Q: 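Pasting a structure below so you can have a look.
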Amino acid sequence: MINPRSLVRALDKHWDVIEYLVALGRDHIAFDRDELLGVLNKVYPQDTEEQRLERLQQLVNNELLIAMSHSDSLQLNENVSQFVSSLLHEHELGLSDILKARIVDIQAGLEQLQQAMESRDMAALQNGALRIDKQLRQILQQLDQDSHAIQAIAERAKSSDERMPLDYRYREVLEAYDQYVQPMEELMDTGAGGNFYPLLERAETVLESVVQVLTIQGGLYSHQQMLRQVGFRVKDLRLNGRVALKQCTNTLMPLREEIRRHNHLSAAIGQLLGAVRKKGLDRTFPGQCLPVWRKERSLTIAVGSELLGLMEQVRGYQSKSVDFPEFTDDQLLVVLEQVDEDAIHRHFYRSLPIPDLMRWLIEYYGAFQDATLLKLYHKLIRLPDVNAMPNQESLRVTLKQIAIQLHSHVMESA
Amino acid sequence: MTIDLKQLSQLQALFRVLSSGAHINRLQDSELWLDLEKHYASYESLFSALGFALMLDGRGFAYFKTEQASSYTGKLTRRLALLLMLLFEYQADQGLHLFQFQQWRIDGLLLDKLCQHYHAMLEAEEMASAQALKETLDRAARVGFALFDDSSYWLLPAVHRYLDLFEELAQADKPELEQLVPEATETNDVDGEIQEDVV
């Protein structure tokens with residue numbers, strides 16, 4: 001009797017050699033002692049011979065390896081072998097007939113569900129739901145395993161020696177295609193021929209109607225919950241079935257139709273991709289074996305051009321001398337005058353009416369410059385509250401620097 | 001050996017490109033390449049004196065060899081390796097000749113197909129979208145593995161570095177499973193049968 005804990009612990013301790021033996025198990029049924037010692041030698045090269053013998057003994061004691069009947073050869077414990085295989089995605093291609101049998105069982109389960117619903121037998125209802133769920137789960141698992149198995153077949157064909165004759169190399173592929181993919185395609189045909197999808201659809205409607213009846217008539221919440229969960233699984237399978245099959249076809253087609261090009265490189269890539277699928281990218285390319293390149297982020301700090309310009313300016317700096325303007329005797333052309341316009345306006349209003357404005361201005365304000373005088377003249381004739389009438393006779397007046405001829409205005413209060 | 005620096009007309013440009021980690025490809029960087037080929041011995045000894053190992057491959061690419069990778073290049077090179085493997089696998093399935101990879105037009109359509117076909121494997125590396133693949137290719141283009149032209153990517157000869165590695169790794173991987181037999185035959189006669197089966 002195997003002690004599960006010690007088995008798991010031993011599996012952990014001797015994982016490397018078990019992984020190796022599972023990979024070898026594809027081509028071998030059992031191993032004899034010397035072969036196993038050879039494998040141990042390869043997997044644990046640092047071990048001494050005694051340690052290897054001890055390790056082999058431990059493998060046998062923990063029942064990871066068990067003796068074959070009628071022979072002294074050792075084989076992997078079948079439980080361990082299956083468990084490790086599924087972890088490493090090493091699967092054998094299943095039989096499409098198994099799927100057919102499961103489909104029949106699901107049909108029986110659906111009938112059981114309907115009958116149980118009619119007779120309100122809740123225990124039978126539960127059993128039926130569990131039965132369907134179990135089959136669905138198994139189908140999902142099988143589809144997953146089969147697609148891995150198909151990929152493995154394709155990878156083996158791809159990575160085999162390119163000088164091998166084609167029919168020999170493709171034997172496995174052709175067999176897989178004829179015995180698995182084609183029957184599966186017939187089974188999963190969404191048209192009239194297939195009975196997989198109609199079954200799933202029926203399962204979905206039956207489950208939904210049962211849930212509905214339970215909701216209306218009342219039933220245990222746990223029962224409804226369970227039926228709903230089975231319904232989810234049906235949906236899951238509807239989605240995944242087609243995808244899995246499509247992937248299988250995509251994988252095998254280029255090989256079957258012999259479109260694929262074969263050479264050393266494609267064989268190598270096929271093999272490595274298989275390793276990536278099973279072990280992941282990091283374990284396939286360990287350490288620093290991939291091409292790398294220098295990526296030196298050399299951090300040099302350089303002085304920017306603006307700063308350089310500034311520095312240059314600082315270095316060649318010469319203080320700028322500003323010459324103050326020298327005192328000049330030249331009189332300003334325009335001499336500023338202080339004009340008290342308000343006083344002039346008051347005087348102007350007092351003097352109204354004025355028969356001749358220009359003469360009046362010259363009389364009282366002749367001291368101002370010509371420009372100021374003329375400005376005053378124009379301001380006064382535009383005042384709003386006086387009437388300005390130009391004189392009929394023109395008049396010539398000589399001011400300080402200029403002489404003007406004008407029709408001087410007569411100013412009256414309005 | 002005296003090196004006449006005046007003869008090495010492309011010294012500055014070459015050193016700038018190579019020391020940035022990029023690969024020089026014959027057809028794309030023809031000026032640099034010609035000068036490099038012409039004065040290979042001088043360049044090589046000059047660079048090696050500076051501590052750089054210049055590698056020049058007859059298939060048309062040159063680079064500075066280095067062993068250490070930063071975490072950034074380590075991740076990128078792994079992603080690029082996966083992308084190249086999937087691309088070559090896909091093209092082999094289409095019946096294309098693998099060593100004519102420089103003529104493949106790698107456009108959005110092709111990248112989408114890669115995403116669909118190898119979704120599971122790409123997803124495991126968090127690059128299951130055409131956008132992620134484009135980013136990887138963009139980065140590869142920056143160091144001279146690819147070229148972006150005419151709204152598509154084109155692989156450059158430097159990709160041979162990966163292809164060589166793939167073949168080498170596959171070679172190293174293969175005997176591991178079969179080596180058991182010759183070793184075992186030394187000790188046991190019965191295994192002769194097994195050996196025949198395997199070979």
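The figures that follow rest on heavy atoms only: side chains count, while hydrogens, waters and symmetry mates do not. Every chain is numbered from 1 and lettered A, B, ... according to where its sequence line falls, protein lines coming before strand lines. Computed from a predicted model, the values in this text were never measured in an experiment.
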Q: Can you tell me how far the OG1 atom of B:T77 sits from the CZ atom of A:F285, to the nearest 0.5 Å?
A: 9.0 Å
Q: Side chain, backbone, both or neither: which part of B:Y63 has a heavy atom under 4.5 Å from chain A?
A: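 Neither part; nothing is under 4.5 Å.
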Q: List the atom of B:E89, the atom of A:G270, and the distance in Å for their closest heavy-atom pair.
A: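 The answer is OE1-CA, 3.9 Å.
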Q: Looking at A:E78, I want to see if its CD is surrounded by more than 12 non-hydrogen atoms of other residues, nucleotides or ligands under 6.0 Å.
A: yes
Q: To the nearest 0.5 Å, tell me how far B:L76 CG sits from A:L290 CG.
A: 10.5 Å
Q: Should we count CZ of A:R52 as having more than 12 external heavy atoms under 6.0 Å?
A: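 Enclosed.
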Q: Excluding sequence neighbours, so at least two apart, what forms side chain to side chain donor-acceptor pair (under 3.5 Å) with B:H39?
A: none
Q: So for atom CD, which belongs to A:Q182, do other residues, nucleotides or ligands contribute more than 12 heavy atoms lying within a distance under 6.0 Å?
A: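 Yes - once you tally the heavy atoms of other residues, nucleotides and ligands closer than 6.0 Å, there are more than 12.
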Q: Checking B:L165 against chain A: side chain, backbone, both or neither under 4.5 Å from a heavy atom?
A: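 Looking at B:L165, just its side chain touches chain A.
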Q: Pick one of side chain, backbone, both or neither for B:M85, based on which atoms fall under 4.5 Å of a heavy atom in chain A.
A: both
Q: Could you tell me whether A:I29 atom CD1 has more than 12 heavy atoms of other residues or ligands within 6.0 Å of it?
A: no
Q: Where does B:Y90 contact chain A at under 4.5 Å (heavy atoms): side chain, backbone, both or neither?
A: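 Neither part.
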Q: With a strict 4.5 Å heavy-atom criterion, list every residue of residues 92-117 of chain B that contacts chain A, or say none.
A: B:A92, B:D93, B:Q94, B:G95, B:L96, B:H97, B:L98, B:F99, B:H117
Q: Under 6.0 Å from the CZ atom of A:F83, do we count more than 12 heavy atoms belonging to anything else shown?
A: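 No, the 6.0 Å shell around CZ holds no more than 12 heavy atoms from other groups.
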Q: Angle between ring planes, A:W293 versus B:H23, binned at 30° and 60°: parallel, tilted or perpendicular?
A: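 If you compare the ring of A:W293 with that of B:H23, the planes turn out perpendicular.
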Q: Using non-hydrogen atoms only, which part of A:K246 is less than 4.5 Å away from chain B: side chain, backbone, both, or neither?
A: neither
Q: Hey, which of A:I269, A:L281, A:T284 has the most heavy atom pairs under 4.5 Å with chain B?
A: A:L281
Q: Do B:L82 and A:L273 have side-chain heavy atoms sitting under 4.5 Å apart?
A: yes
